[in-house]
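This report concerns only the one structure given below.
Just so we're on the same page: letters track the sequence lines, and every chain starts at 1. Values reported hereafter were calculated over all heavy atoms of this structure, with side chains retained and with hydrogens, waters and symmetry mates removed. This is a predicted model, so every value here is computed, not measured.
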Amino acid sequence: MDATYIIWWSEHILRGFLLILLLSRRQYARFPAFAVYLASVFAAGLVRMHFYSQDMRLYTVVYYYSQFLVAALGCAVLWELYKHALERYPGTLTIAKTAVSSLFVGALLLALFNAFAGEASGLVRSVIALERNIRGLQAVLLAALLGLIWYYAIPLGRALRGLLVGYGFYIWVNVVTLTLRSEFGLSFQSWWQYLQQTSYVIALLIWIHGVWGQAPEPAAQTATAAADEYRTTAERSYEALSRARRSIFRLLQG
Amino acid sequence: MNVTLLLAGSLTLVGLVFLIAWLAGTRAAQASSTAGPTWRPRSGATLQQPGERIFAVEDWEFILREAPQLRRAFLRDRRAIARAWLGQGRECVREIMKAHRQVARAEVNVSASLEAKLALGYFVFMAASLLAEGLVWLPGFWGQKLVCKTMEAGNLLRSFGGAEPQSAEAAPAD
C-alpha cells in the first residue's frame with residue numbers, strides 16, 4: 001500500500017476515534033464548532049480519497065473546494081477557542097474584541113493595498129497562496145489569543161489547551177508548507193502532501209490527548225472589584241509605571 | 001524575503017503556542033490548588049528603592065581617599081548592586097502590573113486604549129531595564145559610565161565635587 005494511503009487511513013481512524021470521544025464525553029456540546037469541523041473534514045477526507053483513486057483531475061477540483069470549506073470552518077474553531085478561553089474573563093474578552101476588530105481592519109487595508117498594487121489577481125489565480133493567506137490570518141488571530149492568555153495569565157483546562165496546541169501546530173505547519181509550495185511549485189508537491197498529512201495526524205493525537213482526560217476546568221480567578229476599582233488601579237499602575245520608566249530613562253541618558 | 005518572513009513568523013508562533021499552553025497549564029494547576037482570594041501586592045511594594053543606602057556617597061569618598069587602588073573592585077561591586085537594583089525595580093513593576101491585570105481581566109467596563117497604553121509602557125520599561133542591566137555589565141567605558149549614572153540616579157553624587165565623576169571614568173576598565 002502507498003504511504004499516502006497509510007497516512008490517510010491513520011487520519012480517518014484517528015478522526016473517527018476523536019469524534020466518538022467527543023460524542024461519548026459530551027464534549028461536542030461544549031465545542032460544537034470543533035465537532036462540526038471534525039465531521040466535515042472526516043467526510044471531505046473520505047470523498048477526497050475516493051476521487052484520488054478514481055480520477056486525479058476531479059480530485060484536484062474536489063480538494064480545493066473542500067479545502068476552502070475546511071479553512072472557513074477553521075475560523076469558527078478559532079472563534080470557539082476565543083470564546084472558551086476568555087468567557088469567564090469579561091475584561092480580557094473586551095480587549096480581545098478590540099484586538100480582533102483591529103486585526104480585521106488591518107487585513108482589509110492590506111487586501112485593498114494589494115488590490116491597488118496589482119497582487120490581488122495573482123492571489124485569485126493562485127489558490128494555494130489564497131489558502132496560505134487564510135491560514136496566515138488564522139495564525140495571526142491565534143497569536144493574538146495566545147498573547148492575551150499570556151498577558152492576562154488566563155488558566156486553561158486540559159481540553160482547551162489540547163485544542164489550542166493541536167490547532168496551533170496544524171496552522172503553523174500549514175502556513176510553512178503552503179508558503180514553500182507556492183514558492184517552489186510542483187517540485188515541493190510530494191513533500192507538501194506528506195507534511196500536511198503527517199502534521200494532521202500529529203494534531204489529531206494532540207487533540208485526542210486533550211479530550212481523553214476529564215480534568216476539571218480551572219476555577220476562574222476573578223476579583224470581586226468595586227465599581228471604580230478598575231479605574232483607580234489602572235491610574236495608580238500607570239503612575240507607578242511612568243515613574244519607573246522615567247528613572248530608567250534618566251539612567252540610560254547621557 | 002516573504003518566505004523567510006513567513007517561516008520566521010511561523011516558527012515564532014509554534015514556539016509561542018507550546019510555551020503559553022505550558023504556562024497556562026501550570027497556572028491552571030496552581031488555580032485549582034489555590035482557589036482562594038485574589039492576589040494583592042505585598043504591603044509596601046512600591047517603587048521606592050533602597051538606592052540611597054546602596055549608592056551612599058560616603059563609601060565612594062572613603063575609597064577615593066583611603067584606598068584609591070580599590071576603585072576598580074569598588075566599581076565592580078557597585079555594578080553587581082546596580083544589577084540587583086534594576087532587577088528589584090522590574091520585580092516591583094511586575095507585581096504592580098500583575099495586580100492590575102487581575103482586576104482588569106474581570107472588569108466589564110475595561111478601557112482597551114488604557115490597557116494598550118499600560119501594556120506598551122510595561123514592555124518599554126522592561127526592555128529599557130534589561131538594556132540598562134546589559135550596559136551595566138559591559139566592560140569598559142559604557143559600563144563605568146552607567147555605574148556613575150546609577151549613582152546619580154540614587155541622588156548620591158550631588159554632594160560630589162567636579163573631581164569624582166572624572167575619577168570614576170578614569171578608573172581602569174575590567
Side-chain angles (χ1 to χ4, degrees), chain A residues 89-92 94-95 98-99 132 136 139 142-143 146-147 149-158 161 164-165 168-169 171-173 175-176 179-180 183 216-225 229-231 233-234 236-238 240-245 247-254, chain B residues 2-3 6-7 9-14 16-21 23-25 27-32 35 38 46-47 86 89 92-93 96-112 114-115 117-119 121-122 124-125 128-129 131-132 135 145-146 149-150 152-153:
Chain A
Y89 300 93
T92 314
T94 309
I95 306 285
T98 314
R132 183 200 65 193
L142 196 67
L146 289 169
I149 288 171
W150 170 73
Y151 185 71
Y152 286 99
I154 309 281
L156 297 177
R158 182 185 167 127
R161 198 166 73 242
L164 200 61
V165 171
F169 174 76
I171 288 182
W172 165 65
V173 175
V175 172
V176 172
T179 306
L180 294 173
E183 204 63 30
E217 287 300 305
Q221 296 171 297
T222 49
T224 47
E229 191 182 345
Y230 167 70
R231 193 53 67 173
T233 313
R236 231 178 13 227
S237 306
Y238 191 71
L241 202 54
S242 303
R243 271 203 308 275
R245 220 172 39 234
S247 78
I248 291 290
F249 284 157
R250 266 205 305 274
L251 202 69
L252 288 170
Q253 275 165 6
Chain B
N2 273 344
V3 181
L6 270 163
L7 288 180
S10 308
L11 279 172
T12 313
L13 176 74
V14 82
L16 262 176
V17 168
F18 284 103
L19 180 72
I20 291 171
L23 284 175
R27 278 191 205 115
Q30 283 170 354
S32 54
T38 56
T46 67
L47 285 174
L86 288 164
C92 193
V93 167
I96 288 168
M97 286 302 288
K98 192 176 167 186
H100 165 74
R101 287 185 301 229
Q102 289 254 343
V103 175
R105 68 186 190 180
E107 174 62 42
V108 183
N109 299 317
V110 72
S111 158
L114 186 56
E115 287 300 305
K117 237 162 55 175
L118 272 166
Y122 175 62
V124 167
F125 166 77
S129 177
L131 176 70
L135 288 173
K145 191 176 175 189
L146 206 66
K149 289 297 288 184
T150 312
E152 280 174 21

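When heavy atoms are compared at a cutoff of 4.5 Å, Thr98(A) approaches chain B solely by way of its side chain, counted from C-beta outward.
Ser111(B) pairs by the side-chain hydrogen bond (donor to acceptor under 3.5 Å, both in side chains) definition with Ser113(B), not counting sequence neighbours. Here Thr233(A) pairs with nothing under the side-chain hydrogen bond (donor to acceptor under 3.5 Å, both in side chains) rule; sequence neighbours left out.
Contact count versus chain A (heavy atoms, under 4.5 Å) is highest, among Leu118(B), Asn109(B), Leu114(B), for Leu118(B).
A distance-only check finds no donor-acceptor pair linking the side chain of Arg245(A) to the backbone of Ala128(B) [under 3.5 Å]. The closest donor-acceptor contact from the side chain of Arg101(B) to the backbone of Tyr151(A) lies under 3.5 Å.
Tyr238(A) contributes atom OH, which lies 4.5 Å from atom NZ of Lys117(B) (distance to the nearest 0.5 angstrom). Atom CZ of residue Arg105(B) and atom OH of residue Tyr230(A) lie 14.0 Å apart, to the nearest 0.5 angstrom.
The shortest non-hydrogen separation linking Ile95(A) to Ala112(B) is CD1-CA, 3.8 Å. Scanning both residues, Pro90(A) and Ala106(B), for their nearest heavy atoms gives CG-O, 3.5 Å.
You'll find the side chain of Val110(B) stays beyond 4.5 Å of the side chain of Tyr89(A), heavy atoms only.
Under the 3.5 Å distance criterion, with hydrogens and angles disregarded, a donor-acceptor pair is assigned to the side chains of Tyr152(A) and Glu115(B).
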